[in-house]
Amino acid sequence: MRKIAIAIATTVALLGTAPVVAKPKLTPQQELEKLIAGRVAGKPVHCIPYFETREMRVLNKTAIVYGRGDTIWVNVPRNAADLDDDDILVTHTTGSQLCNLDIVRTVDRVSHFPSGSISLGDFVPYRKAAKSAPAN
């Protein structure tokens, strides 16, 4: 009798919980739009300081986003269709900056075999929009 009561109580508890609804997965373009929302695009530049590249996010077949905080840098490679967010990007720089002429090779995350290369474009800075002072 006790086993039946426990089974009924467990069933009631499971049926009484709200279903878990997964958030819809954003497309890479939607992710980019979310990252630049509330920011203003600046003038594209050929190079960015290397320290700005410490935080990097690859948006599959779309762009590479560098940095965080007040300024992020968006790079849409010339061959963006070759970007795979599951690849490892290996960058060979010649100085203290990452430039659109630097070589970026891709490596498969599982096999560790080279999988291609990326031709960087210009870097577009997106800065947080200045908050306007309240009107008196």
Side-chain angles (χ1 to χ4, degrees):
M1 185 69 165
R2 180 178 163 121
K3 289 182 181 180
I4 294 172
I6 292 173
I8 291 172
T10 303
T11 303
V12 169
L14 290 175
L15 293 175
T17 59
V20 177
V21 178
K23 291 182 182 179
K25 185 168 172 35
L26 298 176
T27 66
Q29 185 61 43
Q30 290 170 327
E31 286 183 59
L32 179 59
E33 290 169 5
K34 185 177 177 181
L35 287 170
I36 63 175
R39 295 176 181 267
V40 178
K43 182 180 175 185
V45 296
H46 298 303
C47 301
I48 60 173
Y50 197 69
F51 68 85
E52 293 282 3
T53 68
R54 283 183 287 203
E55 295 210 18
M56 176 188 71
R57 184 170 183 180
V58 176
L59 302 176
N60 202 31
K61 302 192 184 313
T62 304
I64 306 169
V65 180
Y66 297 95
R68 66 179 173 93
D70 290 341
T71 303
I72 60 172
W73 301 86
V74 177
N75 188 292
V76 178
R78 293 176 191 93
N79 56 335
D82 294 340
L83 270 178
D84 185 341
D85 58 4
D86 201 37
D87 278 345
I88 299 168
L89 300 185
V90 180
T91 307
H92 301 277
T93 59
T94 56
S96 62
Q97 295 184 320
L98 177 63
C99 296
N100 61 0
L101 295 177
D102 288 331
I103 298 168
V104 179
R105 302 214 184 278
T106 56
V107 176
D108 183 82
R109 189 173 301 277
V110 177
S111 69
H112 298 283
F113 284 113
S115 57
S117 63
I118 300 296
S119 299
L120 295 174
D122 284 340
F123 298 86
V124 180
Y126 283 86
R127 293 181 175 85
K128 288 186 178 177
K131 295 181 181 179
S132 59
N136 289 339

Is there a continuous path of hydrophobic side-chain contacts, each under 4.5 Å between heavy atoms, that joins [X] to [Y]?
X	Y	result
L32	I72	yes
V45	L98	yes
I36	V76	yes
V107	I118	no
I88	I103	no

What's the spacing between [X] [atom1] and [Y] [atom2] if we round to 0.5 Å?
X	Y	atom1	atom2	result
I48	D122	CD1	CG	11.5 Å
K61	T27	NZ	OG1	13.5 Å
L101	S119	CG	OG	9.5 Å
T91	Y50	OG1	OH	6.0 Å
K25	Q30	NZ	CD	10.5 Å

Inter- and intrachain pairs under disulfide bond (SG atoms under 2.5 Å apart), touching residues 31-126, at least two apart: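 Non-adjacent pairs meeting disulfide bond (SG atoms under 2.5 Å apart): C47-C99.
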
R109 CZ: over 12 foreign heavy atoms closer than 6.0 Å: yes

Exceeds 12 heavy-atom contacts within 6.0 angstrom, atom CZ of R39: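 Yes - once you tally the heavy atoms of other residues, nucleotides and ligands closer than 6.0 Å, there are more than 12.
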
Modelled atom types, side-chain donor and acceptor of D87 and S115, under 3.5 Å: yes

Where is the tightest heavy-atom contact between [X] and [Y], given as atom of each residue plus distance?
X	Y	value
R57	L35	NH1-CD2, 3.9 Å
A63	P77	CA-CD, 4.2 Å
V110	D108	N-OD2, 3.0 Å
P28	L59	O-CD1, 4.0 Å

Heavy-atom donor-acceptor pair, [X] side chain to [Y] backbone, under 3.5 Å:
X	Y	answer
N79	S117	yes
N75	G121	yes
T62	N60	yes
N100	L120	no

Does a side-chain heavy-atom distance below 4.5 Å link [X] with [Y]?
X	Y	result
V65	M56	no
L89	I64	yes
D84	T106	no

Pairwise ring pair (Phe, Tyr, Trp, His ring centres under 6.0 Å) hits with a residue in residues 80-131, at least two apart: Y66-F123

Test: R127 and D70 ion pair at under 4.0 Å: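 No, this pair does not count.
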
